[in-house]
Every structure is written in C-alpha cells, then in structure tokens.
Amino acid sequence: QVQLVESGGGLVQAGGSLRLSCAASGRSFSNDVMGWFRQVPGKEREFVAWISWSGASTYYTDSVKGRFSISRVNAKNTLYLQMNSLKPEDTAVYYCAAARTNRIITTQREYGYWGQGTQVTVSS
C-alpha cells in the first residue's frame, strides 16, 4: 500500500522554525516530483513548494521564498520542508504530495499521491 505520512507539525511562536517530514512507503518515490501544499478552513489547498526527483531543482510560492526550504533524501524515501521565520499567516494544515512527472507542477489535481496532513499553528 502506497502511503505518504507527514510529521513535525505543531505550535510555534512567530519568528520560530519547524521542519516537516514526509515519509513515503509502498514504493520508491525517487522518480517522482514532490510538493508541499497547505490549507486553511474554508479555503482551497494552496501550493507551497516543489522539488524535482533528484532534488537539484526547487520552486516556491512567492510568500515563502527565502523562508522555507524543500529538500529530499531519496535513499530514505523522505521529503522535508524547513520553515523559518514563521508568520501567523503560515498557520494551516500542511500536506505532502507526489507525482510521476518531471515538470514543475503547482496545481493539486496533477498530484496523484497525498499524505493526511499535519497541523502547523503560528502564534503572534
């Protein structure tokens, strides 16, 4: 059974840091691009970051550039999101996702695998 499981969420003060992890199982994701999305109640799921299958290329939404960093360790089948200088507006449920492609994709419908999400709450 293919699974993506996020961890590392929690409550942090504004200006603080968190590192999210996404552990994949069931098959290797080393040939998939992967991404992070986030969602707040009442709003659509929002793209946050994308990484190529090798990890050599990354892409971010403007609001997190310079603060968040996406990375992966294919030998561990694990994806990460390092979040620094967190702001209250970063509060959301964060999801990891994977897709069998080599393109930069920022829309959720193009991702075929999803985790269950992890809550990140940033207090002011």
- Are Leu11 and Gln119 side-chain neighbours, meaning at least one heavy-atom pair lies under 4.5 Å? no
Interatomic distance, OG1@Thr106 vs CD@Glu46, rounded to 0.5 Å, equals 11.0 Å
Exercise. Step by step, would you call Ile70 with Leu79 a side-chain contact (heavy atoms from CB on, under 4.5 Å)?
Worked result: CA-CA 8 Å; Ile70 187 172; Leu79 174 73; 3.8 Å; yes
Atom pairs and distances, side-chain donor-acceptor, residues 81-89, under 3.5 Å, sequence neighbours left out:
{"from": "Gln82", "atom 1": "NE2", "to": "Asn84", "atom 2": "OD1", "distance (Å)": "2.9"}
{"from": "Asn84", "atom 1": "OD1", "to": "Ser17", "atom 2": "OG", "distance (Å)": "2.9"}

Query - Residue pair Trp50 / Ser57, side-chain heavy-atom distance below 4.5 Å - result: yes
Practice item. Answer whether the closest heavy-atom distance between the side chains of Ser52 and Asn102 falls below 4.5 Å. Key: no
What one should report as the nearest heavy-atom pair of Ser21 and Thr78 is CB-CG2, 4.5 Å
Only residue of Trp36, Phe37, Tyr95 satisfying ring pair (Phe, Tyr, Trp, His ring centres under 6.0 Å) with Tyr111 is Phe37
### Query
Hey, mind stepping through Asp90 and Phe68 against side-chain contact (heavy atoms from CB on, under 4.5 Å) and telling me if it holds?
CA-CA 11 Å; Asp90 295 318; Phe68 289 13; 3.9 Å; yes
Item checked: Carboxylate-amine/guanidinium proximity below 4.0 Å for Asp32 and Arg72 -> no
When rounded to the nearest 0.5 Å, the distance separating CD of Glu6 from OH of Tyr94 is 12.5 Å
May I ask you to establish whether Arg45 and Phe47 are in a cation-pi arrangement, using a distance under 6.0 Å from NZ or CZ to the six-membered ring centre and at most 45° from the ring axis? no
| Heavy-atom distance under 4.5 Å between the side chains of Arg38 and Val120, does that happen here? | no
